Amino acid sequence: MTAPLPAVLSAGDLTKRPVVTLGGEAVAQVKDVVLDGAGGRIAGFTLAGRGLLSGPMRKSLPWAAVHALGADAVMITSAEALEDKSAVASWEETSGGLVRGARVLTDQGVQVGTVLDVLIEAGREGRVVGVEMTSTEALGRHERKVFLPLGGRPAMTGDTLMVPARDTELVVEELGELAAAVWRIRRAETAGPGETRGLGETRGPGETRGPGETRGPGETRGHPETGRPTGTGRPTGTGGLAGSAGPGATGEERTS
């Protein structure tokens, strides 16, 4: 079964998003997204009151208390989920610089961009799945806004995001394309030894999948419609798909 593509939200767009209880009460709004750089996830949110004249609250929302992160609201079970601001303050001090201005560096020592925003998977995981960044000439897109997908646990510090050089090949120019790129990275991370995932994908030794595919030694291939084995040593005609030729036939059309 194919896993669904993740829904992606930008950290910047979460600012002012309402915090709503499962009972339907809007108790706060998001002021800032606080990241756990080492874990590659949201650590929590600092909060502001609701309304134009409302300022910062003394309460915060740790990620562990979030019921779900949705496209229109952050859901919590009740107002009791809010905690003292100190619950996420330490994370804010250590990871606040990642959101904007951090450099993106590959494991080959090449800077490929500068972070503009962090992209987060909607739902209950709160995983960081990519970054919006301005690219460098190393990507052939100098000072263009692009989106870079990230693997399961990106190496993040306050001023540097370290990524595998191979992941930069999946950079996209539209946010709507990022989910598919994240999905490809996840497939690659879960692939077995000697196995890769993707278009024209290759699998075990001696086996490829795709047009003109080959199989392992001694492995037969079923007819695409009937499932019956073909390539068993009997001659086959060329006039039809996996059709067998009659005695003395060459498979060529004869004319009288």
Side-chain angles (χ1 to χ4, degrees), residues 1-22 27-47 59-78 80-83 87-92 94-100 102 104 115-133 147-158 161-164 167 170-172 174-191 197:
M1 180 181 296
T2 301
L5 299 180
V8 178
L9 307 171
S10 72
D13 287 345
L14 293 178
T15 302
K16 296 186 178 180
R17 186 149 304 184
V19 178
V20 182
T21 70
L22 294 182
V27 296
Q29 65 181 9
V30 173
K31 179 177 179 290
D32 290 304
V33 179
V34 181
L35 299 174
D36 170 7
R41 298 175 182 270
I42 297 177
F45 303 97
T46 60
L47 303 174
K59 296 285 188 178
S60 66
L61 178 60
W63 180 255
V66 173
H67 176 75
L69 175 62
D72 300 303
V74 180
M75 303 303 298
I76 58 176
T77 55
S78 70
E80 296 178 357
L82 305 184
E83 299 186 17
V88 297
S90 60
W91 295 111
E92 186 177 22
T94 58
S95 62
L98 177 66
V99 176
R100 289 182 177 87
V104 182
V115 172
L116 296 174
D117 205 349
V118 174
L119 305 169
I120 300 161
E121 182 176 3
R124 304 189 67 173
E125 297 298 322
R127 286 191 288 186
V128 174
V129 295
V131 292
E132 178 183 350
M133 67 181 190
F147 300 91
L148 172 68
L150 300 177
R153 182 167 291 186
M156 298 188 291
T157 64
L161 170 63
M162 187 71 66
V163 299
D167 288 355
L170 296 175
V171 163
V172 295
E174 299 292 337
L175 179 59
E177 300 172 346
L178 183 73
V182 171
W183 182 74
R184 292 188 189 100
I185 287 181
R186 289 183 179 177
R187 291 189 71 191
E189 290 177 340
T190 57
R197 306 288 197 223

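Basis for what follows: all heavy atoms, side chains included, without hydrogens, waters or symmetry-related copies. Predicted model only: the values in this text are computed from it and were never measured.
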Measuring from Glu177:CD to Phe147:CZ, what's the distance to the nearest 0.5 Å? 9.5 Å
Show the numbers, then the answer: is there a side-chain contact (heavy atoms from CB on, under 4.5 Å) between Val118 and Val33? CA-CA 10 Å; Val118 174; Val33 179; over 6 Å; no
Is there a side-chain contact (heavy atoms from CB on, under 4.5 Å) between Leu161 and Leu150? Walk through the geometry before answering. CA-CA 10 Å; Leu161 170 63; Leu150 300 177; 4.1 Å; yes
Heavy-atom closest pair, residues Gly151 and Asp167: N-OD2, 4.4 Å
Among residues at least two apart in sequence or on other chains, which ones pass salt bridge (charged side-chain N to carboxylate O under 4.0 Å, His left out) with Arg127? Glu121
So which atom in Ala81 and which in Pro62 form the shortest heavy-atom distance, rounded to 0.1 Å? O-CD, 4.2 Å
With side-chain contact (heavy atoms from CB on, under 4.5 Å) as the criterion, how do Val129 and Arg186 come out once you've worked through the C-alpha distance, each side chain's angles and the decisive distance to 0.1 Å? CA-CA 10 Å; Val129 295; Arg186 289 183 179 177; 3.5 Å; yes
On a heavy-atom basis, which atom in Pro149 and which in Ala181 lie closest, and how many Å separate them? CG-CB, 3.7 Å
Any non-hydrogen side-chain atom of Val66 less than 4.5 Å from a side-chain atom of Val74? yes
Side chain proximity check, Val131 to Asp117, heavy atoms < 4.5 angstrom: no
Contacts under 3.5 angstrom, residues 13-22 side chains, donor-acceptor by atom type, not counting sequence neighbours:
residue: Asp13; atom: OD2; partner: Ser10; partner atom: OG; Å: 2.9
residue: Thr15; atom: OG1; partner: Gly12; partner atom: O; Å: 3.3
residue: Arg17; atom: NH1; partner: Gly70; partner atom: O; Å: 3.1
residue: Arg17; atom: NH1; partner: Ala71; partner atom: O; Å: 2.8
residue: Arg17; atom: NH2; partner: Asp13; partner atom: O; Å: 3.3
residue: Arg17; atom: NH2; partner: Ala71; partner atom: O; Å: 3.4
residue: Thr21; atom: OG1; partner: Gly23; partner atom: N; Å: 3.2
residue: Thr21; atom: OG1; partner: Gly24; partner atom: N; Å: 3.4
residue: Thr21; atom: OG1; partner: Glu25; partner atom: N; Å: 3.1

Nearest 0.5 Å, please: how far is CH2 in Trp183 from CG in Leu178? 14.5 Å
Heavy-atom check, side chain of Leu69 versus side chain of Trp63, under 4.5 Å: yes
Nearest 0.5 Å, please: how far is CG in Leu9 from CG in Asp72? 9.5 Å
Sorted by chain and number, sequence neighbours left out, side-chain hydrogen bond (donor to acceptor under 3.5 Å, both in side chains) with Arg41 holds for Glu125
Would Leu119 and Val128 count as a side-chain contact (heavy atoms from CB on, under 4.5 Å) here? Give the steps. CA-CA 6 Å; Leu119 305 169; Val128 174; over 6 Å; no
Do you know which of Val30, Leu82, Asp32, Val88 makes side chain to side chain contact (heavy atoms under 4.5 Å, CB included) with Phe45? Val30
Leu175 and Val8, any side-chain heavy atoms less than 4.5 Å apart: yes
Which pair of non-hydrogen atoms, one from Leu47 and one from Leu61, has the smallest distance, and what is that distance? CD1-N, 4.1 Å
